[in-house]
Amino acid sequence: MLLNHYDLSSGWTFRDRDAQEWMPVPKVPSVVHQDLIANKQLDDPFMGFNEIKAQWVNEKSWVYRNTFQSPLAPEGAAVDLVFDGLDTFATVKLNGQTILKSDNMFLGHRVNVTKALQAEGEHTLEIEFDCALLKAREIRAQHPEHKWAGFNGDTSRLAVRKAQYHWGWDWGPMLMTAGIWRPVRLEVYTARVLDLWPRAHLEPGQQIAEVIANAEIDTIVGGVHKALFSLTLGGNKIAQQEVPVYIDGQAQVSFRVNHPELWWPHGYGPQNLYEVSATLLHGDETVDHISKKIGIRTAEVVQQLDKHGKSFFFRINGMDIFCGGSCWIPADSLLPNIKAERYRKWIELMVAGRQVMIRVWGGGIYEDDSFYEACDELGVMVWQDFMFGCGNYPTWPAMLESVRQETVYNVQRLRHHPSIVIFVGNNEDYQVQESEGLTYNYDDKDPENWLRTDFPARYIYEKLLPEVVAEHCPDTFYHPGSPWGDGKISSDTTVGDMHQWNVWHGTQEKYQIFDTLGGRFNSEFGMEAFPHLSTVRSFVEDQSDMYPQSHVIDFHNKADGHERRLATYLVENLRMSNDLPTHIYQTQVVQAETMMFGYRGWRRQWGDERHCGGALLWQLNDCWPGISWAIVDYFHKPKPAYYAVKRVLNPIAIAVKREHHDWSVAHAQPPRSSQYELWVSSNRPHTVRGCVELRFLSVITGHDIQPPIVHENVLINANGTTNVITDGIIDHIARPEPHVLAARLWVGNDIIARDVDWPQPFKYLDLSHPRLEISQEGQRTRDKIVFKISSRKPVKCLVFEEEENVELSDNAMDIVPGDEQTLIVKGLGASQELRYRYLGQPRALRVSDRFDG
């Protein structure tokens, strides 16, 4: 018989374990907060102060129940009850008998219930979820010998294999969920494919590949079973082979692929995906079928000694890739809210923003299959942390065994995805070790000794995890932690990856020097900004709270010291305003500038012996509507920083920068002269010739204060940096007028890149009345509108308000005289109107105003 699935998503009820009343569950997967909201027992915890009102949920235990009929099962067939995820301390009973106990949210479970379902009539499935918060504290109290230390949340979280951000983090609420958080079903079968593991080996020269497919089979009935393997590309069958299933349940084939179509990150080539399928046959009858998509590619992390120390960068199919991208947190505090379409929308935003790598952060979850499928299909590389974040994790035997099972389960689930190019042991746990003075002797290579220290988690990161990866996914690089570099201190800039938080956190350096603070691979850095006004309105219930420092707005910013740090960066750089829309905009300007200064300089270093291998900003997304380091808010609305990063990651990007003058140390005295540099960064695999122009434009009048500098026929280096001007001098005595440096790059007849360098800080500049003109070009259609934008004086950070389902080709633009730019708007309804503002403009204007005088 063909394996049959019986979905158990409906028919559930639930209750507080200490109460009698059962309430209906709309549908599983779900968590208790969603079900309480549906039953009007809980207000939306994302609104106002409702997170506080929801704290009682965190301290309760919950029971879920379902009554169902036995599925049709022919004689000799097996029936399994399959859970893809239970959150977290779950005791499962069928007809009153305990059939499963789980204490790990990251594991799936399969229980044979054939005998239990042989009885006629209804069967009752009941799951009791013990309170994870109280259970964690109980476990911590039982182990006083362990040093409980960590950043963010109650350190009892370290004792529980549950998403760590549920304990609250510096960007999200404390919502201790419980429930059937991933699908549950019954499976009826006589034989099934336990797992299909397809692997691809690309030979040097890239003209031949070998695809090896291994299927693990579970047979219930006797007789001869065979496995029919197929390999297809784009629906076209390339190869097929039938093999016997051996007595140990294994079946394996190898396919030779001539002239394989490779998988590439987007921007470097197509995302070709081969489909490998295994059909299990009993005689001529199909009893199960499984398929997975793979990409044929090579992925390396290149670590070699050079003049800067030891490199850390990625090489795909022999091509060195500068990894500009973002870090990813779970996209919702209530995980079943995230559907496949929502995942894909996030990854589409990354592609549109020219980002090629996403880092799945270690305090969240091993993401849903649809997340990785979107990355495969759209060409976004995945840096996959294991789920350990900001703590000194314990290692008693039961914990190690649970971690081992979790790791095997998830590595086997994820290993076929071509987008995953690295597995990483943890997030910032080595930094906890450093800050707490825990024992770490890198030269001691005896893992048993590690377990006897006060930093026993080293055993997990440097023995358990790499062993599992080597056994179950040997083709993927493993890195012990983020940040980590060959046992050196995590702030070492010469080796491994680093988290650079001395802008915002730490010493709170000026963002204008961000590029001087980086290392070999900058896997975290960031700057906070408010989300869009509409997002703030979504969680502020009382209009009297719509001001920048209102209690409820502060409540939705979880970062330690955020008031002081936001104020510091605002007061240092901008003329501050207490008007909420302007305040929101100003924080976004600071975030955009911060990201630009970091990315622009680090990308330049790529051309210097791969000095910087990549930059992953913290963070792409939010888990609730709040104020954070995200560059796209909870409702998928990009902040200006998103566009700033997009411009810096242009395939060929021009950059101009004058030297930093620290006005605060100099007591706001202007410099007598300034050096400046101009360069071009390229990720193209071949050289390109272009024309570079640099103009010097007065901020006050918009006029050129000296003739432009033009370099024609510039040979732009392949996949690197081309320095065009390295010794430019601005004489501020001869030309005291504040002015911008405006650079453009032509290839052929097309302007392909721009950059504008501004005098710092902006607060000293009068940016009002630039005489900005926005005019519609051609006819407005249902699909798009084209606007032309020009100005008489330089305009800083022209931002069009983000609207639902409206796509902007660009935003947060700098406009200078004599350089008209184009904006394409898609999805704007007939009655919708764009609004905009720029630095120095005290209120939002309508595009229909057309002219700002």
Query raised in the report: Between E693 and R754, does at least one N-O distance fall below 4.0 Å, as a salt bridge requires?
Result: no
Requested in this report: Would you please say whether a donor-acceptor pair under 3.5 Å links the side chains of R684 and N719?
Outcome: no
**Report entry** Distance-only polar pair, side chains of S673 and D731, donor-acceptor under 3.5 Å
**Finding:** no
Requested in this report: Run the numbers on F525 and Y599 for ring-ring contact (aromatic ring centres under 6.0 Å, His included), then give the verdict.
Outcome: CA-CA 10 Å; F525 61 98; Y599 270 96; 5.5 Å; yes
Query - Plane angle bin for W629 and H505 - parallel if under 30°, tilted between 30 and 60°, otherwise perpendicular - result: tilted
Requested in this report: Taking side-chain contact (heavy atoms from CB on, under 4.5 Å) as the test, write out the residues that go with P270, two or more places apart.
Outcome: W264, N272
Requested in this report: Using a strict cut-off of less than 4.0 Å between a Lys/Arg side-chain nitrogen and an Asp/Glu carboxylate oxygen, indicate whether D385 and R359 qualify as a salt bridge.
Outcome: yes
Query raised in the report: Can you find a side-chain donor-acceptor pair between S326 and Q355 that sits under 3.5 Å?
Result: yes
Query - Close side-chain approach of S523 to C327, heavy-atom, < 4.5 Å - result: no
Query - No-hydrogen, no-angle side-chain donor-acceptor test under 3.5 Å, D633 and H532 - result: no
Report task. Grab the two heavy atoms, one from A529 and one from Q591, that are nearest each other, plus how far apart they are. Result -> CB-OE1, 3.3 Å
Query raised in the report: Considering only heavy atoms from C-beta outward, does the side chain of F314 approach that of W383 to under 4.5 Å?
Result: yes
Query raised in the report: Do Q384 and Y372 have side-chain atoms, one donor and one acceptor, less than 3.5 Å apart?
Result: yes
Report summary line: Nearest heavy-atom contact between P638 and V632 is N-CG1, 3.9 Å
Query raised in the report: Do Q207 and H259 have a side chain donor and acceptor closer than 3.5 Å?
Result: yes
**Report entry** Exercise: do N317 and W263 side chains pair donor with acceptor under 3.5 Å
**Finding:** no
**Report entry** 4.5 Å side-chain heavy-atom contact, L273 and P418
**Finding:** yes
Query raised in the report: Would you say the side chain of I316 lies within less than 4.5 Å of the side chain of P265, judging by non-hydrogen atoms?
Result: yes
**Report entry** Centroid-centroid under 6.0 Å between F423 and F477 rings
**Finding:** no
Query - Salt-bridge contact E802-K639 (side-chain N to carboxylate O under 4.0 Å) - result: no
Report task. Using a strict 4.0 Å threshold on nitrogen-to-oxygen distance, state whether K788 and E773 make a salt bridge. Result -> no
Report summary line: On a heavy-atom basis, the closest approach of R603 and F322 is CA-CZ, 3.7 Å
Requested in this report: Ignoring hydrogens and angles, state whether a donor on the side chain of D608 or H308 is under 3.5 Å from an acceptor on the partner side chain.
Outcome: yes
Requested in this report: Might you point out which heavy atoms bring H661 and P671 nearest each other, and give the distance in Å?
Outcome: CD2-CD, 3.6 Å
Query - Between SG on residue C323 and CD1 on residue I358, distance to nearest 0.5 Å - result: 12.0 Å
Query raised in the report: Less than 4.5 Å apart, any side-chain heavy atom of H660 and any of D662?
Result: yes
Requested in this report: Compare all side-chain heavy atoms of H636 with those of K345 and state whether any distance is below 4.5 angstrom.
Outcome: yes
Query - NZ/NE/NH1/NH2 to OD/OE distance under 4.0 Å, R647 and D755 - result: no
Query raised in the report: Is the NZ or CZ atom of R837 positioned over Y585's six-membered ring, under 6.0 angstrom from the centre and within 45° of the axis?
Result: yes
Query raised in the report: Side-chain contact, heavy-atom cut-off 4.5 Å: L616 with F521?
Result: yes
Report task. Measure centre to centre between the rings of F800 and Y643, then say whether the value is under 6.0 Å. Result -> no
Query raised in the report: What heavy-atom pair brings P794 and P770 nearest, and what distance separates the two atoms?
Result: O-CB, 4.1 Å
Requested in this report: Side-chain contact test, heavy atoms from C-beta onward, threshold under 4.5 Å: evaluate it for N723 versus R604 and give yes or no.
Outcome: yes
**Report entry** Parallel, tilted or perpendicular: rings of F313 and W606 (30°, 60°)
**Finding:** perpendicular
Query raised in the report: So does D515 pair up with R600, basic N to acidic O under 4.0 Å?
Result: no
Query raised in the report: Do S664 and K510 have a side chain donor and acceptor closer than 3.5 Å?
Result: yes
Query raised in the report: Would you say N573's side chain and P761's backbone share a donor-acceptor pair under 3.5 angstrom?
Result: no
Report task. Report the relative orientation of the aromatic rings in Y676 and F696; use parallel for angles under 30°, tilted for 30 to 60°, perpendicular for over 60°. Result -> perpendicular
Query raised in the report: Would you call R575 and D766 a salt bridge, using N to O less than 4.0 angstrom?
Result: no
**Report entry** Note: E677-K657 ion pair, threshold 4.0 Å (strictly below)
**Finding:** no
Requested in this report: Measure the acute angle between the ring planes of Y511 and F597, then classify it against the limits of 30° and 60° as parallel, tilted or perpendicular.
Outcome: tilted
Report task. Give a yes-or-no answer on whether the side chains of S674 and E659 include a donor-acceptor pair shorter than 3.5 Å. Result -> no
Query raised in the report: W602 and F514: aromatic ring centres closer than 6.0 Å?
Result: yes
Report summary line: Scanning both residues in full, the closest heavy-atom pair of G506 with N502 reads CA-OD1, 3.4 Å
Requested in this report: Would you confirm whether E609, through its side chain, and H611, through its main-chain N or O, come within 3.5 Å as a donor-acceptor pair?
Outcome: no
